[in-house]
There are 2 protein chains.
Amino acid sequence: MNLDVVYSILTKNDYKLTKQRKVLIDIFIKKRDLFLSVEDIQKEINKIGINLDLSTIYRNLAVLEDSNLVCKIQNGNSNLYKIRTMKKHHHHLICKKCGKAVSFEYCPTDTFVRIAEENGYTFTDDKIELYGYCNNCKNNL
Amino acid sequence: MNLDVVYSILTKNDYKLTKQRKVLIDIFIKKRDLFLSVEDIQKEINKIGINLDLSTIYRNLAVLEDSNLVCKIQNGNSNLYKIRTMKKHHHHLICKKCGKAVSFEYCPTDTFVRIAEENGYTFTDDKIELYGYCNNCKNNL
DNA sequence: AATATAAATGCGAATGATTTGCAATAAGAG
DNA sequence: CTCTTATTGCAAATCATTCGCATTTATATT
């Protein structure tokens, strides 16, 4: 998922390539492995001497979500975002300390469908999140 | 998970059995299969002619969580709660329409541990949520 | 390159969920 | 029955997120 691909997807979906949007995407690419809070994102943007209004960030996160360019997970009472690096259906293994994530494909869908059916449900979708401590963090908790 | 067990766990943990707490527990037992929003809970309580302040409900949800008596899942920008009916480690299959949930034990923990290790992570915990439509809801979407 | 137009921005205010401070009340130990 | 401390209800605060609106800007079109 590089800049050009992201830009062309947005353009294809009739979204303008604004300065703000580009800045946000830059941050996501720079931090491609991390799940970031909205606050993290704003701080990262501030670090490069720019400020985007929170409403702008939120609106652009919605745009990126709409174009399937980011993954979103819920954390406490807020959300975390990460640029999507894997096209296929996948899930995440996330570091509880730093938010570093690994995407993985493993998904026992057949079993999930079976569990649903056994209970009279029609299966629609699954969510798996694995948590742990990454290489770096496990050594300095 | 019946009333007496819940009461004795709370008592063991030095929580008082207040009128409000009992009312909340009654609702959870009556709706034992459903994930309820805080609003749902308050409405159910109102149905029996009682009103509990939202802060009281929230504080008691925290108490029940602390004693491991409820399961909590995030839904949009709020939380849903259900009385815990399965002691062991488990996950949920949840109806997207009515919130009816089934607890199931299946969990490929070994695989999760392996995925974590392969990526240099120390595994700590997993979350699986399955979504679909239950028997009743799938016929009248 | 200049213009038109619809989308996007920044700001401030609104919303919704949840939490908190505090004075009044009630549970349960003795 | 009394005392102590947790718990409650209320109002206000907080936090994350969304919205209205006037202004600005990206980009399609002249």
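Basis for what follows: all heavy atoms, side chains included, without hydrogens, waters or symmetry-related copies. In the text below, chain A, chain B and the rest are named by the order of the sequence lines, each starting its count at 1.
The side-chain contact (heavy atoms from CB on, under 4.5 Å) check on Asn46(B) picks up Gln42(B), Asn51(B), with sequence neighbours excluded.
Rounding to whole angstrom units, CG of residue Leu80(A) and P of dA16(D) are separated by 11 Å. The CD-P distance, from Gln74(B) to dA16(D), rounds to 13 Å in whole Å. Residue Asp66(B) contributes atom CG, which lies 11 Å from atom P of dT7(D) at whole-angstrom precision. Nucleotide dA16(D) holds its C1' atom 14 Å from the CG atom of Asp40(A), rounded to whole Å.
Between Glu39(A) and Asp14(B), the residue whose closest nucleotide on DNA chain D is further toward the 5' end is Asp14(B). Toward the 5' end of DNA chain D, the nearer of the two residues Ile57(B) and Asn77(B), judged by each one's closest nucleotide, is Ile57(B).
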Which donor-acceptor pairs under 3.5 Å do the side chains of residues 64-71 of chain A make with protein atoms, sequence neighbours left out?
from, atom 1, to, atom 2, distance (Å)
Asp66(A), OD2, Tyr15(A), OH, 2.6
Ser67(A), OG, Asn13(A), ND2, 2.8
Asn68(A), OD1, Arg84(A), NH1, 3.1

Would you list the atom pairs, donor with acceptor, under 3.5 Å between side chains in residues 103-115 of chain A and any protein atom, with sequence neighbours excluded?
from, atom 1, to, atom 2, distance (Å)
Thr109(A), OG1, Cys107(A), O, 3.3
Arg114(A), NE, Glu118(A), OE2, 2.9

Return a single string for nucleotides 19-30 of chain D, one symbol per nucleotide in 5' to 3' order, where B is base contact, S is sugar-phosphate-only contact and - is none, cutoff 4.0 angstrom on heavy atoms. BB-----BS---
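A salt bridge between Asp125(A) and Lys96(B) is present, with a side-chain N of the basic residue lying under 4.0 Å from a carboxylate O of the acidic one.
An OP1 or OP2 oxygen of dA16(D) is reached within less than 4.0 angstrom by no side-chain nitrogen or oxygen of Asn79(A). For dT8(D), the OP1/OP2 oxygens have a side-chain nitrogen or oxygen of Asn60(B) closer than 4.0 Å.
Closest approach of Ala101(A) and Ile94(A) over heavy atoms only: CB-CG1, 4.2 Å. The heavy-atom pair separating Tyr121(A) from Cys95(B) by the smallest distance is CE2-N, 3.6 Å. Across all non-hydrogen atoms, the minimal contact from Lys100(A) to Leu34(A) is CA-CD2, 3.4 Å.
Extent of DNA chain C lying under 4.0 Å from chain B heavy atoms, first and last nucleotide in 5' to 3' order, is dA17(C) to dG28(C).
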As a quick check of understanding, evaluate side chain to side chain contact (heavy atoms under 4.5 Å, CB included) for Asn79(A) and Phe35(A), giving each step before the final call. CA-CA 9 Å; Asn79(A) 295 306; Phe35(A) 268 99; over 6 Å; no
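Legend: salt bridge (Lys or Arg N to Asp or Glu O under 4.0 Å) pairs involving residues 2-18 of chain A, not counting sequence neighbours: none detected.
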